[in-house]
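Note: hydrogens, waters and symmetry copies are ignored here, and every other heavy atom, side chains too, is used. One-based numbering, in listed order, for ligands and for the atoms of each.
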Amino acid sequence: MQIPAAQLTAFITEIFVTAGARQEVASEVATHLVEANLKGHDSHGVGMTPAYIRNIKADLLKPHAEASVHKDNGAVMVIDGNFGFGQVVGRQACDRLIERTQDTGVVVAGIRNCHHLGRIGTYAEHIAAQGLISLHMVNVVGHNPVVAPFGGRERRFTTNPFTCAIPRKNAPPVVLDMATSAVAMGKVRVAYEAGRQAPEGALIDHEGLPTTDPAVLFTKPVGALGPFGNHKGYGLAVMCELLGGALAGEWTAQPEHERGHNIINHMFMMVLDPASFGGLDAFRHEVDEMIKYIQSSEPAKGVDRVRVPGEPERESKVSRLDAGIPIADGSWQELVTAAEAAGMASARIAQMTA
Ligand code: NAD
């Protein structure tokens with residue numbers, strides 16, 4: 001089914017309000033999740049709602065928590081998310097860094113103990129809208145690892161995203177926003193449930209050999225997701241784990257820490273004001289000319305044109321705002337079940353989903 005973004009946002013907002021979140025908090029979380037769907041990242045969209053409701057009920061996600069400053073040395077900050085909605089405490093942390101960058105030109109920060117931050121590109125876009133550059137390296141803890149290291153066969157970390165955005169004056173920002181695993185876990189689950197094969201190069205079996213059988217993630221003997229780009233993606237995932245986890249969060253995926261059904265993100269971040277480097281005009285000129293140069297490349301056979309990072313998401317948003325957001329029947333049913341679990345009356349669910 002295709003659901004209009006506005007209807008989906010209203011439904012998800014009401015689910016979180018019913019679960020005890022304040023209206024503005026619920027609305028911010030729902031807007032973030034629907035935006036992820038609009039931008040084509042269904043793995044980080046409204047499909048996360050059942051897990052969030054489960055974690056509110058289990059007191060793992062604190063719907064009223066706010067970000068607080070744990071340490072402040074001027075250009076170095078540590079901000080604690082206090083296990084609040086990542087979408088709220090993550091954005092609050094970004095706002096503090098944006099403000100501080102006005103004074104210091106550069107801020108390096110650890111943002112720790114956030115319940116799932118969702119689509120990291122959202123924060124990069126928020127910061128880029130202020131004319132600032134940001135870089136984000138994130139780890140994921142609180143549950144069992146899913147990604148094997150390059151050359152290994154056992155799971156050691158999760159999909160550790162890396163994100164960087166460069167603002168432009170008269171054009172949308174360049175936004176690289178990616179998992180360091182070969183594909184998102186959610187995409188393998190969709191293939192498994194549909195009886196399809198996973199993409200080549202994304203999975204290994206229990207012996208560490210390449211496979212396209214998605215069952216290796218869900219049945220025994222277990223295999224693992226692999227990193228993107230072999231040793232290079234693996235190396236980047238390690239850096240996300242060490243900078244995001246060990247430095248920013250003091251909590252990595254190593255087995256001293258508790259693992260259950262929690263989804264905690266720690267995020268190492270840098271925010272840079274391009275004006276505090278060389279000349280702002282020269283920077284903007286070089287970015288624009290380089291992007292023009294990149295996009296002037298003759299497209300490969302079968303490709304319509306060369307895109308820069310961030311463009312596929314913007315294209316998806318235009319088309320999904322028009323056509324609605326595709327939601328599989330099973331996922332829709334899970335949202336209805338989450339609404340019931342939150343305490344929403346059946347008549348109200350029927351009204352909101354009609
Ligand atoms: P992806 O592979 O779809 O895209 C990765 C990047 O490549 C994007 O910046 C995109 O704009 C760019 N891109 C894609 N096709 C392109 C093309 N043809 N030309 C130029 N650029 C192109 O994304 P992904 O790796 O599946 O990540 C999905 C989302 O999952 C991200 O938003 C990420 O933040 C999120 N994520 C979050 C967590 C978490 O714990 N919070 C963990 C992992 C991933």
Side-chain angles (χ1 to χ4, degrees), residues 29 32-45 47-48 51-52 55 61 81 85-87 89-91 93 111-126 128 134-143 145-147 157-166 172-191 198-199 201-202 225-229 233 236-237 240-241 244-245 248-249 251-253 262-269 291 294-295 297 299-300 302-317:
V29 177
H32 177 126
L33 294 175
V34 171
E35 179 79 6
N37 288 110
L38 285 171
K39 291 211 158 139
H41 294 297
D42 296 328
S43 54
H44 289 73
M48 293 304 298
Y52 291 8
N55 284 353
L61 164 51
F85 278 112
Q87 289 80 0
V89 295
R91 191 266 310 148
I111 319 296
R112 65 189 207 183
N113 299 331
C114 305
H115 190 266
H116 193 234
L117 283 162
R119 180 180 160 264
I120 307 302
T122 307
Y123 310 99
E125 288 163 359
H126 180 65
S134 69
L135 182 145
H136 312 243
M137 297 176 82
V138 181
N139 85 329
V140 198
V141 290
H143 58 266
V146 289
V147 179
F157 39 80
T158 306
T159 50
N160 294 0
F162 174 87
T163 303
C164 184
I166 309 284
V174 182
V175 185
L176 174 64
D177 176 31
M178 58 180 217
T180 51
S181 52
V183 295
M185 180 81 179
K187 288 176 187 160
V188 184
R189 183 177 291 283
V190 169
L225 263 177
F228 83 92
L236 190 56
C240 288
E241 190 68 38
W251 182 3
T252 64
N262 212 348
I263 325 168
I264 300 299
N265 282 138
H266 305 298
M267 175 158 68
F268 173 77
M269 267 183 73
I291 297 296
I294 292 169
Q295 295 200 291
S297 168
V303 176
D304 58 345
R305 65 185 182 83
V306 171
R307 290 166 174 76
V308 288
E311 273 197 277
E313 283 76 8
R314 289 192 290 276
E315 289 173 344
S316 168
K317 183 169 177 178

Test your reading of the model: is there a side-chain donor-acceptor pair from Ser181 to the backbone of Pro227, 3.5 Å cut-off? no
Checking the N or O distance criterion of under 3.5 Å, is ligand 1 in contact with Gly310? yes
Per-atom filter on ligand 1: closer than 4.0 angstrom to a heavy atom of Asn265 are 39 (C), 40 (O), 41 (N)
With sequence neighbours excluded, what pairs up with Thr122 under the side-chain contact (heavy atoms from CB on, under 4.5 Å) test? His32, Arg119
If only atom types and distance count, is the side chain of Tyr123 paired as donor or acceptor with the main-chain N or O of His136 below 3.5 Å? no
Sub-3.5 Å N/O-N/O distance, Lys187 and ligand 1: yes
Nearest-neighbour protein heavy atom for atom 7 (O) of ligand 1, which is reported as residue plus atom name and distance: Leu176 CD1, 4.3 Å
His115 and Tyr52 aromatic ring geometry - parallel, tilted or perpendicular at 30°/60° bounds: perpendicular
Are any of the N/O atoms in Pro161 less than 3.5 Å from those in ligand 1? no
Proximity to ligand 1 by part of His41, non-hydrogen separation under 4.0 Å: side chain
Number the atoms of ligand 1 from 1 as they appear, then name those within less than 4.0 Å of a heavy atom of Met178, with their elements. 5 (C), 25 (O), 27 (O)
Would you check if the side chain of Glu241 reaches a backbone N or O of Ala253 as a donor-acceptor pair within less than 3.5 Å? yes
Going by the order shown, which atoms of ligand 1 are within less than 4.0 Å of some heavy atom of Glu313? 8 (C), 10 (C), 11 (O)
Quick check: does any side chain N or O of Asn37 sit under 3.5 Å from a backbone N or O of Gly45, one acting as donor and the other as acceptor? no
Any N/O of Leu117 closer than 3.5 Å to an N/O of ligand 1? no
among protein heavy atoms, the one nearest atom 37 (C) of ligand 1 is His44 NE2, 3.0 Å
Residue, atom and distance of the protein heavy atom nearest atom 5 (C) of ligand 1 read Asp177 O, 3.3 Å
Protein heavy atoms: any of them under 4.0 Å from atom 2 (O) of ligand 1? no
Atoms of ligand 1 less than 4.0 Å from Thr159 heavy atoms? 42 (C), 43 (C)
Just to be sure I read this right, does ligand 1 sit under 4.0 Å from the backbone of Val140, its side chain, both, or neither, counting only heavy atoms? side chain
If you measure from each non-hydrogen atom of Ala179 to ligand 1, which part falls under 4.0 Å: side chain, backbone, both or neither? both
For Val188, side-chain contact (heavy atoms from CB on, under 4.5 Å) partners two or more places apart: Val183, Leu203, Pro214, Leu217, Phe218, Leu225
To the nearest 0.1 Å, how far is atom 12 (C) of ligand 1 from its closest protein heavy atom, and which atom is that? Pro309 CA, 4.2 Å
Thr163 N/O under 3.5 Å from ligand 1 N/O: no
Quick one: do Glu125 and Lys317 make a salt bridge, cutoff under 4.0 Å? no
For a side-chain hydrogen bond (donor to acceptor under 3.5 Å, both in side chains) check, start with the C-alpha distance between Gln295 and Glu311, then their side-chain angles and the critical distance, and finish with the verdict. CA-CA 12 Å; Gln295 295 200 291; Glu311 273 197 277; 2.8 Å; yes
Give yes or no for whether the N/O distance cutoff of 3.5 Å, strictly under, is met between Ser43 and ligand 1. no
Which heavy atom of the protein is the closest neighbour of atom 22 (C) of ligand 1, given with residue, atom name and distance? Pro312 CG, 3.7 Å
Taking distance alone, with no angle check, do Ile120 and ligand 1 share an N/O pair under 3.5 Å? yes
Taking Asn265's backbone N and O only, do any of them form a donor-acceptor pair with Asn139's side chain (distance below 3.5 Å, no angle check)? no
Number the atoms of ligand 1 from 1 as they appear, then name those within less than 4.0 Å of a heavy atom of Gly118, with their elements. 37 (C), 39 (C), 41 (N)
Subset of ligand 1 atoms that lie under 4.0 Å from at least one heavy atom of Arg307: 19 (N), 20 (C)
